[in-house]
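Data block below; observations after.
Please read these numbers as outputs of a predicted model, since none were measured by experiment.
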Amino acid sequence: MPRQARKLSESGYLHVIQRGIGKQLLFETPEDYKYYLRLLECRSREKEVAVCTYCLMENHTHLLLFDKKGKITELMKTIGISYSYYFNQKYERVGHLFQDRYRSEPVESDTSLMRVTRYILNNPMKAGICPAKEYPWSSYHYFGDRSSFVDWSIMESLAGDKNAFAAFIEEKNDDVYLEYDSGCRHDDKWAIEVIHRRLEGRSGTSLQAMNRVERDKMIRLLKAEGLSVRQLERLTGINRGVIQKA
């Protein structure tokens, strides 16, 4: 079946989201987040695509971009290739890192632009991590900062000063925009219950006694259930690199 053509934006603004394949974590350490942001800054300047806001979650990214030259596809491709190479080399991993193509949605009005910005920045709160103002891997803290590569000019004209912007982000709302199933975090108690069910009452460390084929098959099943790489590493005692390659 041929791919559907992307919706074009008359305004030039697009909400873009990209997820790790099979809910694969994209960021393991602060250095990973920083590396992606350096790529985003460098490549967006090269392609002359303005980054209006961003939020990097563990297994997916949200971007609000402004592009009048049709360069977003090139931008996302070059970031994807460069970051995948970095991540696979660092964690001794092979294969695709990102799921399919990125998803995108035009943003055509000032009202939608403001609400999409709020939606993107509130992703950490939605995932139960922390309020937008406490999350370190979004553009929230750069509002009005001329030294940042983030172009806040449109939001400054719409939202006003920092206090007004902060109040808008914190407003109760029913914003619903482009999203993947985010694979919200589950605690270790839930993870242990899943492991026991899958292993018929045995603990996670029993995976160590399995042959490689059976072990890797079970690891894939547990990842598909929603267990994170970190949880599997903690609860099975198996090396992170082995879990990521399975």
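Counting heavy atoms from C-beta on, the side chains of V116 and E105 never come closer than 4.5 Å. Considering only heavy atoms from C-beta on, R19 stays 4.5 Å or farther from F98 through its side chain. Between W137 and P30, the closest side-chain pair of non-hydrogen atoms falls below 4.5 Å. Taking the side chain as every heavy atom from C-beta outward, F66 and L14 never approach each other to under 4.5 Å. In this structure, the side chains of N123 and I129 stay at 4.5 Å or more apart for every pair of heavy atoms. Side-chain contact between C55 and P124 is present, with at least one heavy-atom pair separated by less than 4.5 Å.
For the pair R45 and E41, the salt-bridge criterion is met [side-chain N within less than 4.0 Å of a carboxylate O].
The environment of OH in Y142 is sparse: at most 12 heavy-atom neighbours from other residues, nucleotides or ligands sit within 6.0 Å. Annotation: R212, atom CZ; neighbour count of heavy atoms from other residues, nucleotides and ligands within 6.0 Å does not exceed 12.
Remark: side-chain polar atoms of S11 are paired, donor with acceptor, to backbone N or O of V107 under 3.5 angstrom. Under the 3.5 Å distance criterion, the side-chain polar atoms of E170 are left unmatched by any main-chain donor or acceptor of A167. Under a 3.5 Å cut-off, the side chain of H141 and the backbone N or O of K133 do form a donor-acceptor pair. When atom types are taken as modelled, the side chain of N59 and the backbone of Q24 share no donor-acceptor pair closer than 3.5 angstrom.
The minimum heavy-atom distance linking G95 with N88 is given by the pair O-ND2, 3.0 Å. Between A246 and I219, the closest heavy-atom pair is CB-CG2, 3.6 Å. When all heavy atoms of A164 and A159 are compared, the closest pair comes out as CB-O, 3.2 Å. Residues N122 and A132 share a closest heavy-atom pair of OD1-CB, 3.7 Å. Considering all non-hydrogen atoms of both residues, P131 and M125 come closest at CA-CB, 4.3 Å. Contact record, L97 with L25: CD1-O, 4.2 Å, taken as the closest heavy-atom pair.
Listed by first then second residue, pairs satisfying side-chain hydrogen bond (donor to acceptor under 3.5 Å, both in side chains) with a partner in residues 234-243 read E28-R240, D188-R234, E233-R240, not counting sequence neighbours. Within the structure, the salt bridge (charged side-chain N to carboxylate O under 4.0 Å, His left out) test picks out the following pairs touching residues 75-94 (sequence neighbours left out): D32-K90. Sorted by first then second residue, the salt bridge (charged side-chain N to carboxylate O under 4.0 Å, His left out) pairs that include residues 145-160, not counting sequence neighbours, are R146-E156.
T117 and T53 form no side-chain donor-acceptor contact under 3.5 Å, judged by distance and modelled atom types alone. Using modelled atom types and a 3.5 Å distance limit, the side chains of Q18 and T61 yield no donor-acceptor pair. Checking S112 against Y13 by side-chain atom types alone, no donor-acceptor pair falls below 3.5 Å.
V229 and I21 fall into different hydrophobic clusters, where Ile, Leu, Val, Met, Phe, Trp and Tyr residues are linked whenever their side-chain heavy atoms come under 4.5 Å apart, directly or through other members. When hydrophobic clusters are built by joining Ile, Leu, Val, Met, Phe, Trp and Tyr residues whose side-chain heavy atoms come closer than 4.5 Å, directly or via intermediates, L221 is grouped together with L232. Follow the hydrophobic side-chain contacts under 4.5 Å out from I79 and you never reach Y85; the two are in separate clusters. Linking Ile, Leu, Val, Met, Phe, Trp and Tyr whenever their side-chain heavy atoms come within less than 4.5 Å leaves L56 and I81 in two separate clusters.
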Please lay out, stage by stage, how R230 and E58 fare under the test side chain to side chain contact (heavy atoms under 4.5 Å, CB included).
-> CA-CA 11 Å; R230 289 174 182 163; E58 276 191 338; 3.1 Å; yes

Candidate pair Y119 and H62, rule side chain to side chain contact (heavy atoms under 4.5 Å, CB included), full reasoning = CA-CA 10 Å; Y119 177 76; H62 282 276; 4.1 Å; yes

Check the pair L37, Y54 against side chain to side chain contact (heavy atoms under 4.5 Å, CB included), reporting the backbone distance first and the verdict last.
-> CA-CA 9 Å; L37 290 175; Y54 66 80; 3.5 Å; yes

Verify side chain to side chain contact (heavy atoms under 4.5 Å, CB included) between R43 and S82, making sure each step is shown before the conclusion.
-> CA-CA 10 Å; R43 301 295 188 257; S82 297; 3.5 Å; yes

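For N163, the side chain to side chain contact (heavy atoms under 4.5 Å, CB included) test picks out D161, with sequence neighbours left out. The side-chain hydrogen bond (donor to acceptor under 3.5 Å, both in side chains) check on E74 picks up K47, with sequence neighbours excluded. The ring pair (Phe, Tyr, Trp, His ring centres under 6.0 Å) search around F165 returns Y140, F143, W152, not counting sequence neighbours. Residues that satisfy the salt bridge (charged side-chain N to carboxylate O under 4.0 Å, His left out) test with R215, not counting sequence neighbours, are absent from this structure. With sequence neighbours left out, K69 forms a salt bridge (charged side-chain N to carboxylate O under 4.0 Å, His left out) with E48. Shown here are the salt bridge (charged side-chain N to carboxylate O under 4.0 Å, His left out) partners of R38, two or more places apart in sequence or in another chain: there are none. The ring pair (Phe, Tyr, Trp, His ring centres under 6.0 Å) check on F27 picks up Y33, Y36, Y83, with sequence neighbours excluded. With sequence neighbours excluded, no residue forms a salt bridge (charged side-chain N to carboxylate O under 4.0 Å, His left out) with E31.
Between the CG atom in L227 and the CG atom in L235 there is a gap of 7.0 Å [rounded to 0.5 Å]. Note: S157 OG to D110 CG = 7.0 Å, rounded to the nearest 0.5 Å. With rounding to the nearest 0.5 angstrom, the CD1 atom of I238 is 6.0 Å from the CD1 atom of I243. Interatomic distance, Q99 CD to L26 CG, rounded to the nearest 0.5 Å: 10.5 Å. We find the SG-CG distance between C52 and L63 to be 10.5 Å, quoted to the nearest 0.5 Å. The CE atom of M114 sits 10.0 Å away from the CD1 atom of I154 when rounded to the nearest 0.5 Å.
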Below 3.5 Å, can you tabulate the donor-acceptor pairs from side chains in residues 199-207 to any protein atom, sequence neighbours excluded?
from	atom 1	to	atom 2	distance (Å)
R202	NE	L199	O	3.0
S203	OG	T205	OG1	2.9
S206	OG	S203	O	2.6

